[in-house]
Amino acid sequence: MTNTLRHYEDSTFIPAPPSELFTYVDDHRNFSSHMNKSSWMMGGGAMKTEVDEGKGQKIDSHIRLSGKVFGINLFLDEVVTKHEPPRLKAWQTTGPLRLLVIGHYKMGLETKSQNKGSSLKVFIDYELPESNMRWLGYLLGGMYAKWCVQQMIKGSRDHFATKNKNYE
């Protein structure tokens with residue numbers, strides 16, 4: 001990462017024990033599922049998530065996303081840099097990537113036991129794109145980072161709201 005990092009984070013309460021919550025968010029099919037669905041933020045497109053034999057659940061494991069957004073082919077490769085179940089996980093982009101409104105980034109999550117459930121914190125530290133689309137990063141990068149983090153939190157919250165209505 002070479003240019004100035006920008007940061008966004010958010011957190012929420014989840015009615016589940018940290019071990020159960022971590023198992024859910026540690027699976028990128030769950031945690032990044034918002035990228036796999038067509039939405040206005042994805043310009044009507046969607047990304048496909050692929051994981052290596054480590055399933056994105058151990059250090060040095062890779063998670064690759066590819067697809068189209070606004071009709072433009074996008075690609076990124078993430079590598080897991082921290083994996084401490086049921087507490088911490090972090091990953092970052094590696095190698096060449098093709099994104100529109102953000103450049104290379106680091107993301108992570110933290111779970112903590114809290115009051116008959118868990119707190120879930122998700123963060124992203126990102127660069128602006130280095131391409132000729134840098135102006136788009138200035139304009140939309142913050143909004144996209146916020147949307148992405150909040151989608152991860154919302155997906156987790158929604159999953160456990162229906163699954164653990166009676167968790168005590």
Side-chain angles (χ1 to χ4, degrees), residues 5-43 45-69 74-94 97 99 101-102 104-126 141-168:
L5 290 178
R6 293 159 185 256
H7 178 83
Y8 181 78
E9 71 179 54
D10 202 354
S11 60
T12 193
F13 174 80
I14 304 286
S19 59
E20 190 176 334
L21 172 58
F22 193 89
T23 297
Y24 177 80
V25 298
D26 195 25
D27 184 338
H28 261 65
R29 292 174 300 182
N30 298 328
F31 205 53
S32 64
S33 64
H34 63 283
M35 300 293 287
N36 302 326
K37 300 175 199 160
S38 179
S39 70
W40 68 271
M41 198 63 153
M42 296 293 292
M47 303 285 278
K48 178 182 175 187
T49 302
E50 297 178 20
V51 293
D52 64 9
E53 61 279 352
K55 299 180 184 175
Q57 297 175 333
K58 62 182 184 179
I59 293 176
D60 293 331
S61 183
H62 285 259
I63 304 150
R64 291 177 186 88
L65 285 88
S66 60
K68 287 190 176 203
V69 174
L74 300 184
F75 170 80
L76 64 102
D77 184 8
E78 301 169 324
V79 63
V80 176
T81 57
K82 286 185 184 177
H83 194 260
E84 300 172 17
R87 223 172 40 82
L88 294 169
K89 182 175 183 178
W91 59 97
Q92 66 185 39
T93 53
T94 185
L97 55 83
L99 298 174
V101 298
I102 64 172
H104 281 281
Y105 61 83
K106 295 178 183 180
M107 288 193 81
L109 64 91
E110 181 179 355
T111 64
K112 289 184 183 176
S113 183
Q114 178 186 341
N115 212 18
K116 296 185 180 179
S118 303
S119 67
L120 170 64
K121 178 173 83 172
V122 180
F123 75 87
I124 184 170
D125 294 320
Y126 65 97
M143 183 172 38
Y144 176 78
K146 180 178 180 179
W147 174 80
C148 192
V149 166
Q150 289 181 344
Q151 289 298 303
M152 291 174 167
I153 285 176
K154 180 184 182 309
S156 302
R157 195 173 46 232
D158 290 353
H159 173 78
F160 285 100
T162 57
K163 185 177 190 307
N164 291 340
K165 284 186 177 181
N166 298 318
Y167 175 71
E168 304 254 338

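The backbone N or O of P86 sits nowhere less than 3.5 Å from a side-chain atom of S19 that would complete a donor-acceptor pair. When atom types are taken as modelled, the side chain of D10 and the backbone of Q150 share no donor-acceptor pair closer than 3.5 angstrom. A donor-acceptor pair under 3.5 Å is absent between the side-chain atoms of S118 and the main chain of I14, judged by distance alone. Of the possible polar contacts, none joining the K146 side chain to the Y8 backbone as a donor-acceptor pair under 3.5 Å is found.
For the side chain to side chain donor-acceptor pair (under 3.5 Å) with H104, the lone residue among T93, D125, T94 that qualifies is T93.
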Hey, mind stepping through K121 and E110 against salt bridge (Lys or Arg N to Asp or Glu O under 4.0 Å) and telling me if it holds?
CA-CA 5 Å; K121 178 173 83 172; E110 181 179 355; 3.6 Å; yes
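Looking at residues two or more places apart in sequence or on another chain, you find no salt bridge (Lys or Arg N to Asp or Glu O under 4.0 Å) involving D52. In terms of the ring pair (Phe, Tyr, Trp, His ring centres under 6.0 Å) criterion, residue partners of F22 (sequence neighbours excluded) are, by chain and number, H83. For E84, the side chain to side chain donor-acceptor pair (under 3.5 Å) partners at least two apart in sequence or on another chain are R87.
Between I153 atom CD1 and T12 atom OG1 the span is 6.5 Å, to the nearest 0.5 Å. Atom CD of Q151 and atom OH of Y144 lie 10.0 Å apart (nearest 0.5 Å). The NZ atom of K48 sits 14.5 Å away from the NZ atom of K68 when rounded to the nearest 0.5 Å. The CZ atom of F13 sits 14.5 Å away from atom NZ of K112, with the distance rounded to the nearest 0.5 Å. To the nearest 0.5 Å, the span separating CG on D77 from OG on S66 amounts to 10.5 Å. Here Y105 contributes atom OH and W91 contributes atom CH2; the two are 8.5 Å apart, rounded to the nearest 0.5 Å.
Scanning both residues, S61 and K55, for their nearest heavy atoms gives OG-N, 3.7 Å. Across L21 and S119, no two heavy atoms sit closer than the pair CD2-O, 4.3 Å. V149 and V122 make their closest contact through CG1-O, 3.6 Å (heavy atoms, listed as atom of the first residue, atom of the second, distance). Of all non-hydrogen atoms in L99 and L76, the two that sit nearest each other are CD2-CD2, 3.5 Å. Contact detail for V25 and S156: the closest heavy-atom pair is CG1-OG, 3.4 Å. What you find for T111 and P18 is that their closest heavy atoms are OG1-CB, 4.1 Å.
By the 30° and 60° cut-offs, the orientation of the rings of Y24 relative to F160 is perpendicular.
Using a 4.5 Å cut-off on side-chain heavy atoms (C-beta onward), K89 and V80 make contact. The closest side-chain heavy-atom distance from L65 to I63 is below 4.5 Å.
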